[in-house]
Amino acid sequence: MVQSSVKPSDILNQANPDRLHRIRHTCSHVMAMAVQKLFPDAKVTIGPATDNGFFYDFDRQEAFTPQDLKKIEKEMKKIIKANLPVIREEIDREAIRTEITKLNEPYKLELLDAIPEDAVITRYFLGEPGKDKNVWWDLCSGPHLERTGEIDPDSFELESIAGAYWRGNENNAMLQRIYGIAWENAEQLEAYKHQIEEAKRRDHRRIGKDLQLFSIQEEAGGGLVFWHPRGALMRKTIEDFWKEIHLQGGYELVTTPHIANLELWKTSGHNDFYRDSMFDTMEVEEQTYQLKPMNCPFHILIYKDGLHSYRELPIRYAELGTVYRYERSGTMHGLMRVRGFTQDDAHIFCTEDQISQEILGVLNLAEQLLSTFGFANYEVNLSTRPDKYVGEDAIWEKATSALQNALDRKGWHYKVDEGGGAFYGPKIDIKIEDAIGRKWQCSTIQVDFNLPDRFDLEYVAEDGLRKRPIMIHRALFGSLERFFGILVENYAGDFPLWLAPLQVRLIGVSDEQMPYLTEVEQKMKAAGLRVQLDRSGERMAKQIRKAELEKIPVMAIAGNKEVESHSLSIRTRQQGELGVIPVSELIDKLLHGIQTKGWL
RNA sequence: GCCGAUGUAGCACAGCGGUAGUGCAGCCGAUUCGUAAUCGGCAGGUCAGGGGUUCAAAUCCCCUCAUCGGCUCCA
């Protein structure tokens with residue numbers, strides 16, 4: 001891929017946020033005006049600016065079509081060309097109520113009633129009443145541009161039509177939302193569209209299919225992942241690394257079942273709080289069983305299977321535990337949102353005094369794990385006690401400051417989300433940033449005061465009395481499936497050597513070199529490399545093309561010259577041709593690249 | 001689950017009332033070639049599944065399933 005000198009993200013970062021916001025907000029009004037002109041039966045609702053453009057929700061009997069969007073766009077350009085003034089007016093509540101009633105706009109009336117008593121009520125006109133021929137207004141708090149002509153007619157586009165509930169509540173009417181994108185100028189619009197194209201190019205669903213990594217089978221049901229040989233090999237590599245660093249980090253690996261007696265979920269409380277996300281139960285010999293949506297109760301049972309001394313704490317149980325959650329049919333998305341997935345779960349049982357140290361350990365492990373996959377920038381959030389919660393105030397206080405203390409010791413900047421914690425304890429979330437600047441929440445660390453109580457967990461303290469341990473839930477990848485999807489998109493399928501399912505493709509200039517290359521293949525396999533000789537007999541250029549399309553990191557090519565000198569001509573995806581290298585030297589280089597988790 | 005769209009060979013797509021077509025991939029043969037596509041041949045589809053309208057359905061209608069874009073949800 002040829003990189004242009006100016007990155008799209010640079011162009012977009014130059015944009016003025018305040019001006020963008022006004023442009024987008026005014027765009028949404030211009031669109032609503034255009035829509036009501038073309039479709040007088042459409043009722044207006046709300047239309048804010050978004051991160052890359054704007055939308056407006058309409059209530060209309062008939063569905064908008066993609067052709068309608070073209071017409072609306074045309075009408076919008078007319079409004080922009082007319083350069084109508086945007087006029088702000090403060091208005092009395094009752095006066096505007098009368099006007100809205102006259103226009104028969106029920107949603108606007110509802111919005112009006114939701115405005116606080118003491119607030120100043122404003123509306124924005126497009127066009128000057130009594131002067132311009134076309135005038136339209138909307139109840140709105142602004143801010144906006146001064147005139148519609150300030151919008152660059154080549155810097156916006158209408159994107160799509162989608163359903164959206166009135167006020168985001170699924171019990172309300174379904175409205176039709178028209179999305180648009182808008183920027184300051186055509187250059188920014190182009191840059192933005194490039195970024196979207198780039199994201200599409202990296203789509204893990206596309207790459208997963210092309211590279212034969214995984215599939216989701218209609219016959220089996222949605223949201224259930226099939227790992228194909230190449231994907232499964234990558235998964236094994238990831239799992240092996242995960243297990244290795246967890247064992248080094250003082251964790252013990254456990255393995256637990258996929259179903260269990262429903263009683264367990266009643267005890268844990270999941271059956272009450274989480275029922276909507278659980279699969280239906282099944283009857284087994286007059287007992288009710290449940291497919292597991294969580295691993296925690298299982299780890300708790302292992303903990304409870306014996307008496308623990310304070311000397312043993314902290315106890316850390318880790319498991320790549322596959323859980324099943326019922327997701328509504330419209331919500332599944334590739335590997336990112338599925339019904340069966342594998343949490344890289346662990347539960348730490350410790351004393352109150354050990355929380356800070358344990359959290360720090362988790363932060364360190366998270367950094368070690370994530371940075372190995374090239375994720376070096378994190379956005380960290382600390383979520384504190386919500387309105388509804390369990391546990392004593394004192395323990396909340398203690399745990400929250402333990403989390404803060406750990407973050408400070410780690411030296412990480414973080415944002416505090418007041419009241420954003422779970423009802424059972426405070427938590428830390430870590431978001432990673434991928435190669436094209438998108439953020440993904442993966443790691444989560446949660447302190448739990450609830451489950452130890454419900455399961456009556458204990459340890460024997462120094463004074464011989466039974467005490468209750470604290471539990472810390474933590475996942476670093478979050479979901480292995482989802483993390484894999486993120487990896488595919490981050491690398492755009494160009495995986496580093498240690499992850500690549502096939503590391504080397506051997507290619508002969510003609511069939512003459514087959515005996516030699518067969519020998520080389522054996523040697524490389526013996527060295528532990530994932531290598532494959534192309535025996536198709538196709539022309540060399542075709543074999544190279546095939547290997548490129550499969551995104552195999554290293555192509556090792558031999559003609560008669562290489563056979564003579566016991567070497568290979570090397571072509572890599574990352575750095576192009578590297579020239580001729582002796583076989584043994586190449587193997588060493590490859591092994592080194594794999595070991596350091598880098599490239600050749 | 002809701003709104004809208006889509007579902008044709010392994011993949012990308014054409015056909016949109018008269019009982020399926022192109023390219024790539026696959027297989028067979030010829031070619032033995034120096035860094036992203038050699039040539040020729042063959043094979044491959046209950047047009048997502050089910051029901052209906054029609055003399056006739058991939059094409060029109062209904063239901064189901066899945067996918068896509070959103071909404072909602074993600075203690």
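Each chain gets a letter, A, B and so on, in the order the sequences are listed, and its residues count up from 1.
- Of the C1' atoms belonging to B/A75 and B/C63, the separation is 36 Å, rounded to the nearest Å.
- Here, B/U64 and B/A58 have their P atoms 22 Å apart, quoted to the whole Å.
- As judged by a 4.0 angstrom heavy-atom cut-off over every strand, A/Ala422 is placed among residues making no nucleic acid contact.
- Judged by Watson-Crick or G-U wobble contacts below 3.5 Å, the nucleotide B/C65 has B/G7 as its partner.
- Here B/A12 sits opposite B/U22 as a Watson-Crick or G-U wobble pair (both hydrogen-bonding atom distances under 3.5 Å).
- Checking A/Tyr424 against A/Arg571, the closest nucleotide of RNA chain B that is more toward the 5' end is the one next to A/Arg571.
- A cation-pi arrangement is present between A/Arg177 and A/Phe55 under the rule of less than 6.0 angstrom and at most 45 degrees off the ring axis.
- Going from the P atom of B/G34 to that of B/G49 covers 48 Å, rounded to whole Å.
- Figure legend: A/Arg573 and A/Trp599 shown without cation-pi pairing, the cationic atom not lying both under 6.0 angstrom from the six-membered ring centre and within 45 degrees of its axis.
- B/A66 and B/A14: their P atoms are spaced 25 Å apart (whole Å).
- Among the protein residues, A/Met294 comes within range of the nucleic acid bases, having at least one heavy atom under 4.0 Å from a base atom.
- If you check every strand for non-hydrogen atoms under 4.0 Å, A/Arg206 touches sugar and phosphate atoms only.
- A cation-pi arrangement is present between A/Arg385 and A/Tyr389 under the rule of less than 6.0 angstrom and at most 45 degrees off the ring axis.
- Toward the 5' end of RNA chain B, the nearer of the two residues A/Gly537 and A/Arg325, judged by each one's closest nucleotide, is A/Gly537.
- Using a 4.0 Å heavy-atom cutoff across all strands shown, A/Leu549 reaches at least one base atom of the nucleic acid.
- Among residues two or more places apart in sequence or in another chain, the ring-ring contact (aromatic ring centres under 6.0 Å, His included) test is passed with A/Tyr378 by A/Trp412.
- A gap of 14 Å separates the P atoms of B/G10 and B/G26, to the nearest Å.
- Contacts of A/Glu538 with the nucleic acid, taken as non-hydrogen atoms under 4.0 Å apart, include base atoms.
- A distance of about 26 Å separates the P atoms of B/G15 and B/A56, rounded to the whole Å.
- If you walk RNA chain B from 5' to 3' and mark each nucleotide with an atom closer than 4.0 Å to a heavy atom of chain A, the marks span B/G1 to B/A75.
- Rounding to the nearest 0.5 angstrom, the gap separating the CD atom in A/Gln290 from the CG atom in A/Asn261 is 10.5 Å.
- Aromatic pair A/Phe39/A/Phe64: centroids less than 6.0 angstrom apart.
- For the P atoms, the distance from B/C24 to B/C42 is 14 Å, rounded to whole Å.
- Checked by atom type and distance alone, the side chain of A/Glu585 never pairs as donor or acceptor with a backbone atom of A/Pro582 at under 3.5 Å.
- Looking at heavy-atom distances under 4.0 Å, A/His333 makes contact with sugar-phosphate atoms alone, never a base.
- Remark: A/Arg167 fails to qualify as a cation-pi partner of A/Tyr165 under the 6.0 Å distance and 45° angle criteria applied to the six-membered ring.
- Heavy atoms of A/Gly222 sit under 4.0 angstrom from primed sugar atoms or phosphate atoms, though from no base atom.
- Nucleotides B/A20 and B/A57, compared at atom C1', are 13 Å apart to the nearest Å.
- Counting non-hydrogen atoms under 4.0 angstrom, A/Arg177 reaches the backbone sugars and phosphates but no base.
- In a base pair of the Watson-Crick type (N1 to N3 plus N6-O4 or O6-N4) or a G-U wobble (N1-O2 and O6-N3), with each distance short of 3.5 Å, B/U46 is matched with no nucleotide.
- Among the protein residues, A/Ala162 comes within range of the nucleic acid bases, having at least one heavy atom under 4.0 Å from a base atom.
- Contacts of A/Gln212 with the nucleic acid, taken as non-hydrogen atoms under 4.0 Å apart, are absent.
- No contact: A/Met555 has no heavy atom under 4.0 Å from any strand.
- Within the 4.0 angstrom heavy-atom criterion, no nucleotide atom of any strand lies near A/Asp68.
- If you check every strand for non-hydrogen atoms under 4.0 Å, A/Lys546 touches nothing.
- Considering A/Glu433, A/Lys431, A/Glu489 in turn, A/Glu489 is the only one that fulfils the side-chain contact (heavy atoms from CB on, under 4.5 Å) rule with A/Trp440.
- Here B/G41 sits opposite B/C27 as a Watson-Crick or G-U wobble pair (both hydrogen-bonding atom distances under 3.5 Å).
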